[in-house]
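Notes follow once the structure below has been shown.
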Amino acid sequence: MLTVLRAFPCRSRLGDVDTGATVEEEIYQSLLLRGLSLVGWYHSHPHSPALPSLQDIDTQMDYQLRLQGSSNGFQPCLALLCSPYYSGNQGPESKISPFWVMPPPEQRPSDYGIPMDVEMAYVQDSFLTNDVLHEMMLLVEFYKGAPDLVRFQEAWNQEHTYLDKLKISLASRMPKDQGLCHVLEQVYSVLKQGN
């Protein structure tokens with residue numbers, strides 16, 4: 001049983017190795033300050049299924065080996081793939097798929113590991129902390145004006161805009177705190193302005 005308490009987004013663009021390394025170090029320091037341990041990573045396949053690619057399998061195997069370190073003991077490491085805009089998802093809620101990788105057999109170490117599904121259950125917090133809300137706003141600001149910016153006012157399908165879809169996806173994963181609705185409306189307002 002592994003409990004994921006917090007996700008730390010890596011605010012860097014794909015291929016921006018310098019910024020990525022700096023942000024990863026900031027995340028590591030945030031983990032230490034909060035007394036948390038790194039237990040995995042996540043990323044998205046925006047318009048394709050939440051299935052691990054060969055690169056995802058390699059990355060996960062690397063994380064598993066790094067977290068294990070020199071000990072032969074088991075150290076949990078989880079990968080999460082999110083598929084927010086894949087049209088093959090059932091309904092408008094984003095699909096999130098957790099997995100880990102079974103290493104290749106010792107006699108064939110150059111083979112790819114085998115991705116293994118992980119059962120997951122969500123336990124909603126009763127409220128969002130200020131640092132999570134602050135992080136949400138930093139993400140909105142970071143992606144404003146990005147070349148691959150999602151146009152939230154445009155139609156995702158015949159029934160929903162991208163913004164509607166985001167609201168539906170977040171609704172089942174966010175605290176039910178009534179004050180949160182006001183905060184999310186602020187985030188949605190900033191998202192609309194960024195388009």
Side-chain angles (χ1 to χ4, degrees), residues 3-16 19-20 22-24 26-27 30 40-53 55-56 59 78-99 117-195:
T3 302
V4 177
L5 298 174
R6 175 86 193 270
F8 293 84
C10 191
R11 289 185 310 274
S12 65
R13 305 295 304 159
L14 187 61
D16 187 354
T19 304
T22 301
V23 172
E24 281 188 26
E26 288 172 8
I27 291 170
S30 292
W41 62 286
Y42 68 95
H43 82 117
S44 66
H45 290 185
H47 298 281
S48 57
L51 298 171
S53 66
Q55 183 175 353
D56 295 335
T59 301
L78 182 68
L80 290 174
L81 295 177
C82 180
S83 179
Y85 305 119
Y86 176 54
S87 59
N89 288 345
Q90 293 183 351
E93 192 166 304
S94 298
K95 174 131 173 81
I96 297 176
S97 298
F99 75 97
D117 287 337
V118 173
E119 278 188 41
M120 180 172 64
Y122 289 100
V123 178
Q124 289 183 330
D125 291 330
S126 55
F127 62 93
L128 286 181
T129 61
N130 285 333
D131 61 329
V132 170
L133 295 171
H134 178 70
E135 189 62 49
M136 289 170 70
M137 295 309 288
L138 288 175
L139 282 170
V140 169
E141 289 299 319
F142 178 80
Y143 285 103
K144 253 202 239 182
D148 55 351
L149 177 73
V150 174
R151 306 282 176 213
F152 284 98
Q153 301 302 52
E154 291 180 6
W156 173 69
N157 65 16
Q158 293 178 341
E159 300 172 34
H160 303 286
T161 65
Y162 281 93
L163 185 57
D164 295 334
K165 188 199 174 317
L166 176 64
K167 288 179 180 182
I168 292 167
S169 289
L170 289 177
S172 66
R173 296 179 172 105
M174 299 291 271
K176 299 299 182 203
D177 177 12
Q178 292 303 314
L180 179 64
C181 293
H182 174 69
V183 172
L184 287 179
E185 287 304 323
Q186 286 180 307
V187 171
Y188 299 145
S189 174
V190 173
L191 288 172
K192 287 180 193 176
Q193 294 169 14
N195 285 314

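Owing to the predicted nature of the structure, the values given are computational and were not obtained by experimental measurement.
Atoms OG1 and NZ, from T161 and K167 in turn, are 7.5 Å apart once rounded to the nearest 0.5 Å. Taken from CD in E159 to CD1 in I168, the straight-line distance is 9.0 Å, to the nearest 0.5 Å. Here the CD-CG distance, from Q153 to D164, works out to 8.5 Å after rounding to the nearest 0.5 Å. Separation of atoms NZ (K95) and CD (Q90) is listed at 9.0 Å; rounding is to 0.5 Å. One finds the OH atom of Y162 at 9.0 Å from the CG atom of N157 (value rounded to the nearest 0.5 Å). Rounding to the nearest 0.5 Å places CD1 of I27 at 4.5 Å from SG of C10.
A pairwise comparison of heavy atoms in K165 and E93 identifies NZ-C, 4.0 Å as the closest pair. Between S83 and N89, the closest heavy-atom pair is O-ND2, 2.7 Å. In this structure, L51 and L81 approach most closely via the heavy-atom pair C-CD1, 3.4 Å. Scanning all heavy atoms of the two residues, the minimum distance from F99 to P52 falls at CZ-CB, 3.6 Å. Minimum heavy-atom separation, S30 to F8: CB-CE2, 3.7 Å. Between F152 and L166, the shortest heavy-atom distance links the atoms CE2-CD2, 3.9 Å.
Side-chain contact annotation: S169 with S94, donor-acceptor N/O pair under 3.5 Å present. In summary, the side chains of T59 and D56 do not present any donor paired with an acceptor at a separation below 3.5 Å, with no hydrogens or angles considered.
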Test side chain to side chain contact (heavy atoms under 4.5 Å, CB included) applied to L138 and H134, step by step: CA-CA 6 Å; L138 288 175; H134 178 70; 3.4 Å; yes
Verdict with reasoning, M120 to L80, per side chain to side chain contact (heavy atoms under 4.5 Å, CB included): CA-CA 10 Å; M120 180 172 64; L80 290 174; 4.1 Å; yes
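Legend: residues meeting ring-ring contact (aromatic ring centres under 6.0 Å, His included) with H43, ordered by chain and number and at least two apart, are W41, H45.
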